[in-house]
2 protein chains.
Amino acid sequence: MDIDISSFITDFSNCCSKVQTKFFKKGEVITSYINKRNQFCILIKGKADLLRYDFNGNRTIVEHFSNNDIFGEVFYIISTNNELLVEAKSNCEVLFFIYNDIHKKCKINCKFHESVAEILPELILNKIMDLNMRIELLSKRTTREKLLSYFNIISSQKLTKSFILPFSLTDLADFLSVDRSAMMRELKLLKDDNFIKKEGNRITLLY
Amino acid sequence: MDIDISSFITDFSNCCSKVQTKFFKKGEVITSYINKRNQFCILIKGKADLLRYDFNGNRTIVEHFSNNDIFGEVFYIISTNNELLVEAKSNCEVLFFIYNDIHKKCKINCKFHESVAEILPELILNKIMDLNMRIELLSKRTTREKLLSYFNIISSQKLTKSFILPFSLTDLADFLSVDRSAMMRELKLLKDDNFIKKEGNRITLLY
DNA sequence: CATAATAAGTTGCATTTGCAACAGAAAAGA
DNA sequence: TCTTTTCTGTTGCAAATGCAACTTATTATG
């Protein structure tokens with residue numbers, strides 16, 4: 001994605017009134033999915049995670065967001081009884097608006113409709129690709145396969161076989177939906193079997 | 001989704017030339033994801049599955065499509081080395097077009113741009129909701145949780161606690177990414193623990 | 001800088017899951 | 001209808017995974 005939204009998104013308070021930008025500090029909750037509000041968010045700057053906690057206390061990192069990623073309640077059916085919340089992993093700048101409004105061009109030709117609404121289709125397509133990648137990972141049968149698939153994705157994104165994980169190992173386990181200690185054990189086995197080299201959070205693929 | 005696309009989609013060969021409708025018989029391959037062709041499909045009628053076979057011979061039902069569901073290569077990054085293919089589970093009618101073209105309104109005011117292009121945002125939003133539901137299922141840690149989550153979803157969709165599974169049990173296992181015999185065992189345990197009643201492929205929730 | 005908090009790394013043990021191999025039931029096809 | 005194929009249901013055993021508990025690094029924070 002080559003678009004830098006932040007360069008042309010500054011303040012929409014003069015045009016579409018329901019569009020607003022907010023800032024969050026690391027650790028703060030950006031939004032939680034409770035009611036059906038058709039809320040639509042764009043992460044302009046920073047890193048954030050969509051988290052789910054189940055009754056057993058297990059945390060799942062449902063999605064991991066960075067620049068230009070979109071999220072919000074509008075993407076979720078009522079369904080789930082588990083709490084979903086988006087938490088800032090670093091300082092974040094987030095654009096909020098209501099999805100319903102987006103397609104109706106406002107009378108005044110505002111910046112919002114000129115810029116953001118134009119690129120929405122591309123942002124949405126990217127989101128679908130992310131979700132499909134996520135499904136591919138989660139549908140792998142073993143921890144080993146999940147790890148190797150994930151490493152392959154990172155490797156092909158960064159165009160190198162050696163990279164620092166964008167997650168802590170604790171978070172990676174929650175992202176792959178596996179027990180952390182079991183994952184650590186499997187990482188060691190992958191090292192022993194010469195599939196990977198591992199120095200702290202740097203992984204090098206040996207194949 | 002209340003829209004019945006089939007009622008106004010018949011033949012686009014007179015307008016946008018690259019838009020076409022095709023028919024498939026049960027068991028036929030509708031498309032396979034190999035090259036990056038920006039192919040975009042709408043399932044007008046029938047049931048179809050997106051399947052992945054890994055090198056161990058495991059089959060995964062990545063997505064399960066019915067009326068108005070969308071799919072195609074445009075939603076996938078190059079990435080995966082596994083073969084992905086969409087197979088008709090019943091006789092199907094499918095609309096094919098290239099996603100790039102969709103936003104450029106053609107000069108002649110064709111039926112395609114009048115109808116399909118208009119409802120695309122809604123179809124896409126539905127797809128994202130489906131994918132999120134899928135991720136929620138797959139990220140459940142145990143077979144029991146996967147089964148119960150799945151049953152809850154079906155139950156709330158059909159507005160009844162008693163329903164016939166839209167999958168064979170074999171397919172359900174491939175959809176939840178678990179071993180079939182292990183799933184059968186867990187189903188029996190759920191029965192023994194009085195969580196469900198099970199008569200063949202009819203499930204009744206007892207809670 | 002000292003201290004607290006979080007993350008990495010490890011291990012034994014219990015539980016869950018996958019695998020393989022069946023038999024019987026149901027569905028599809030000739 | 002008969003035959004073949006697919007699906008359901010079951011089980012023993014091996015392997016993978018989760019859980020709990022702990023130690024050692026590393027990173028925040030006053």
Side-chain angles (χ1 to χ4, degrees), chain A residues 25-28 49 51 54-61 87-91 137-148 164-193 195-203, chain B residues 25-28 49 51 54-61 87-91 137-148 164-193 195-203:
Chain A
K25 290 194 181 138
K26 178 177 174 176
E28 287 182 332
D49 286 340
L51 305 177
D54 67 21
F55 24 64
N56 299 319
N58 286 318
R59 184 185 72 148
T60 303
I61 299 180
E87 195 180 293
K89 300 296 282 182
S90 68
N91 291 349
L137 273 187
L138 291 174
S139 64
K140 292 290 158 75
R141 307 293 177 109
T142 62
T143 303
R144 171 169 292 216
E145 279 184 287
K146 286 181 180 182
L147 284 169
L148 289 178
I164 290 168
L165 292 170
F167 279 126
S168 70
L169 292 172
T170 304
D171 284 359
L172 180 57
D174 289 345
F175 186 70
L176 299 180
S177 253
V178 294
D179 178 73
R180 187 187 64 84
S181 66
M183 188 191 81
M184 295 297 287
R185 185 164 35 205
E186 192 60 38
L187 278 171
K188 201 165 61 175
L189 291 175
L190 279 169
K191 246 188 340 192
D192 294 349
D193 292 352
F195 277 95
I196 61 166
K197 204 165 77 183
K198 175 170 179 308
E199 302 128 312
N201 286 27
R202 169 173 291 280
I203 302 291
Chain B
K25 290 195 180 137
K26 179 177 175 177
E28 286 183 332
D49 287 340
L51 305 176
D54 67 20
F55 24 65
N56 299 320
N58 286 318
R59 181 185 75 147
T60 303
I61 299 180
E87 195 181 293
K89 300 296 281 182
S90 68
N91 291 350
L137 273 187
L138 290 174
S139 64
K140 292 290 158 74
R141 306 294 176 108
T142 62
T143 303
R144 171 170 290 218
E145 279 184 287
K146 285 181 180 183
L147 284 168
L148 289 179
I164 291 168
L165 292 170
F167 279 126
S168 70
L169 293 172
T170 305
D171 283 0
L172 181 57
D174 289 346
F175 185 69
L176 299 180
S177 253
V178 295
D179 178 72
R180 186 188 64 83
S181 67
M183 187 192 81
M184 295 296 287
R185 184 165 34 205
E186 193 59 39
L187 278 172
K188 201 167 61 176
L189 291 176
L190 279 169
K191 243 184 350 186
D192 294 347
D193 292 352
F195 277 95
I196 62 167
K197 203 165 78 183
K198 177 173 177 304
E199 300 130 310
N201 286 25
R202 168 174 292 280
I203 302 291

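Only a predicted model underlies this, so the values are computations on that prediction, with no experimental measurement involved. Letters A, B, ... are given to chains in the order of the sequence lines, protein chains preceding strands, and every chain is numbered from 1.
- One can place NZ of B:K146 at 9 Å from P of C:dT17, the figure rounded to the nearest angstrom.
- Remark: P of C:dA25 and CD of B:E199 are 18 Å apart, rounded to the nearest angstrom.
- Between A:R144 and A:D193, at least one side-chain nitrogen of the basic residue sits less than 4.0 Å from a carboxylate oxygen of the acidic one, meeting the salt-bridge criterion.
- Put simply, the side chain of B:K198 gets close to the backbone of B:G200: a donor and an acceptor are under 3.5 Å apart.
- Rounded to whole Å, the distance from NZ on A:K25 to P on D:dT29 is 12 Å.
- Atoms CG (B:L189) and P (D:dG9) sit 14 Å apart, rounded to a whole Å.
- In terms of position along DNA chain D, the nucleotide closest to B:F167 lies nearer the 5' end than the nucleotide closest to the other residue of the pair B:K188 and B:F167.
- The 5' end of DNA chain C is approached more closely, in terms of each residue's nearest nucleotide, by A:G200 than by the other of A:G200 and B:V178.
- Closest approach to the B:N58 side chain among C:dC19, D:dG9, D:dT17 is made by C:dC19 (side chain taken as heavy atoms from C-beta onward).
- Of the charged side-chain nitrogens involved, at least one lies within less than 4.0 Å of a carboxylate oxygen, so that B:D171 and B:K89 count as a salt-bridged pair.
- In the interface, the side chain of A:T170 is not paired with the base of C:dA8 through any donor and acceptor atom under 3.5 Å apart.
- No hydrogens or angles were tested; on distance alone, a donor-acceptor pair under 3.5 Å links the side chain of A:S181 to the base of D:dA20.
- In this structure, B:L165 atom CG and D:dG9 atom P are separated by 10 Å, rounded to whole Å.
- Using modelled atom types, no side-chain atom of A:K140 and backbone atom of A:E145 make a donor-acceptor pair closer than 3.5 Å.
- Proximity of A:K198 to the phosphate of C:dA8: no side-chain N or O atom is located under 4.0 Å from OP1 or OP2.
- Atoms CZ (A:R141) and P (C:dG18) sit 7 Å apart, rounded to a whole Å.
- Rounded to whole angstrom, the span from the CE atom of B:M184 across to the C1' atom of C:dC22 amounts to 14 Å.
- In the set D:dG18, D:dA28, D:dC13, the nucleotide with an atom closest to the side chain of A:R185 is D:dG18.
- The side chain of B:R180 sits closest to D:dT8 out of D:dT11, C:dT10, D:dT8.
- Out of C:dT17, D:dC19, D:dG9, the shortest distance to the side chain of B:A182 is found at C:dT17.
- Between the side chain of B:D49 and the backbone N or O of B:L51, no donor-acceptor pair lies under 3.5 Å.
- Distance from the side chain of B:E186 is smallest to C:dT17 among C:dA28, C:dG9, C:dT17.
- Atom CG of A:D179 is separated from atom C1' of D:dA20 by 10 Å (rounded to the nearest Å).
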